[in-house]
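A short write-up of the structure that comes next.
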Amino acid sequence: MLSLQWVLALLTVAASASAAALLNDVVIITPITAPDAGDVWPVGSVQTITWDTTTIPVGSEDATGFILLGYLEDGSSNEHLDFQNPLAQNIPLENGAVNVTVPNVAARDDYIVVLFGDSGNKSPKFTIH
Ligand SMILES: *[C@@H]1O[C@H](CO)[C@@H](O)[C@H](O)[C@H]1NC(C)=O
């Protein structure tokens with residue numbers, strides 16, 4: 001299951017639009033509702049990531065996902081996703097929330113988190129310092 005998610009994740013990163021089209025029957029899009037644009041996460045603090053569960057299709061109630069930290073510079077489409085250090089894994093998508101400890105990363109104001117179920121869902125940019 002994990003390896004399938006990795007393949008889907010890589011497909012999604014490479015070409016989210018065409019991946020979504022290819023996987024039409026199983027796409028689960030759960031828009032992230034927190035963090036919000038401009039939020040500030042202190043390193044080492046515990047933060048709650050939330051997403052909309054109302055979009056989970058019937059039949060996919062048991063789906064799990066994982067969350068990656070990345071950053072997105074203005075004018076670039078490279079999300080710099082940190083696949084080596086997922087913020088959270090094996091999250092039941094139906095939960096709609098997970099608490100994560102903010103890793104000790106360099107201060108930036110263009111961090112994003114991406115929730116992968118069968119499709120990537122990206123947050124607005126926020127700050128870690
Ligand atoms: C996150 O932590 C807060 C504070 O301890 C707690 O109230 C909340 O239930 C936790 N949420 C999740 C999804 O674990």
Side-chain angles (χ1 to χ4, degrees):
M1 196 58 185
L2 185 61
S3 61
L4 174 61
Q5 287 178 330
W6 273 81
V7 170
L8 291 169
L10 294 171
L11 272 176
T12 303
V13 169
S16 57
S18 55
L22 280 173
L23 304 169
N24 197 40
D25 291 344
V26 292
V27 168
I28 304 174
I29 297 177
T30 47
I32 290 179
T33 46
D36 207 349
D39 282 358
V40 178
W41 286 9
V43 166
S45 64
V46 175
Q47 300 290 334
T48 306
I49 297 169
T50 62
W51 56 90
D52 182 0
T53 61
T54 63
T55 55
I56 296 173
V58 173
S60 295
E61 293 84 355
D62 294 336
T64 60
F66 60 97
I67 295 177
L68 301 180
L69 181 66
Y71 61 91
L72 187 56
E73 292 165 300
D74 284 342
S76 168
S77 59
N78 185 347
E79 296 177 341
H80 299 276
L81 296 175
D82 187 354
F83 283 91
Q84 305 303 316
N85 303 291
L87 287 178
Q89 301 182 75
N90 298 319
I91 316 155
L93 291 181
E94 282 281 343
N95 285 10
V98 66
N99 284 346
V100 302
T101 300
V102 181
N104 188 8
V105 291
R108 303 185 66 92
D109 62 5
D110 56 3
Y111 279 107
I112 56 172
V113 290
V114 177
L115 168 61
F116 290 93
D118 285 324
S119 182
N121 305 301
K122 182 173 70 202
S123 76
K125 293 181 187 182
F126 62 97
T127 294
I128 294 177
H129 73 163

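Atom set for the values below is all heavy atoms of this structure, side chains included, hydrogens, waters and symmetry mates excluded. Computed from a prediction, not measured in an experiment: that's the story for all the values here. Both ligands and their constituent atoms are indexed starting at 1 by order of listing.
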*Atoms of ligand 1, numbered as shown, that sit under 4.0 Å from any heavy atom of Ala97*: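 Near Ala97, meaning under 4.0 Å from one of its heavy atoms, ligand 1 has 13 (C).
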*asked:* Can you name the atoms of ligand 1, numbered from 1 with element, that are less than 4.0 Å from a heavy atom of Asn99?
replied: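 This gives 1 (C), 2 (O), 3 (C), 8 (C), 10 (C), 11 (N), 12 (C), 14 (O) as the contact atoms.
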_Under a 3.5 Å distance rule, please check whether Lys125 uses its side chain to pair with a backbone N or O of Leu72 as donor and acceptor._
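Such a contact is found between Lys125 side chain and Leu72 backbone.
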_How about CG on Asp62, more than 12 heavy atoms from neighbouring residues, nucleotides or ligands closer than 6.0 Å, or not?_
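Counting other residues, nucleotides and ligands, CG of Asp62 stays at 12 neighbours or fewer.
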Less than 4.0 Å from [atom], is there any heavy atom belonging to the protein?
atom	value
atom 14 (O) of ligand 1	yes
atom 4 (C) of ligand 1	no
atom 9 (O) of ligand 1	no

_Rounded to the nearest 0.5 Å, what separates atom CG in Asn99 from atom CG in Leu87?_
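Nearest 0.5 Å value for the CG-CG distance: 12.0 Å.
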*Assign the ring pair Tyr71 / Tyr111 to parallel, tilted or perpendicular, where the plane angle (0 to 90°) is split at 30° and 60°.*
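Answer is perpendicular, since the angle exceeds 60°.
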*Side chains of Asp52 and Thr30 in contact at under 4.5 Å (non-hydrogen atoms)*: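 When only atoms from C-beta onward are counted, Thr30 and Asp52 do not touch, as no gap falls below 4.5 Å.
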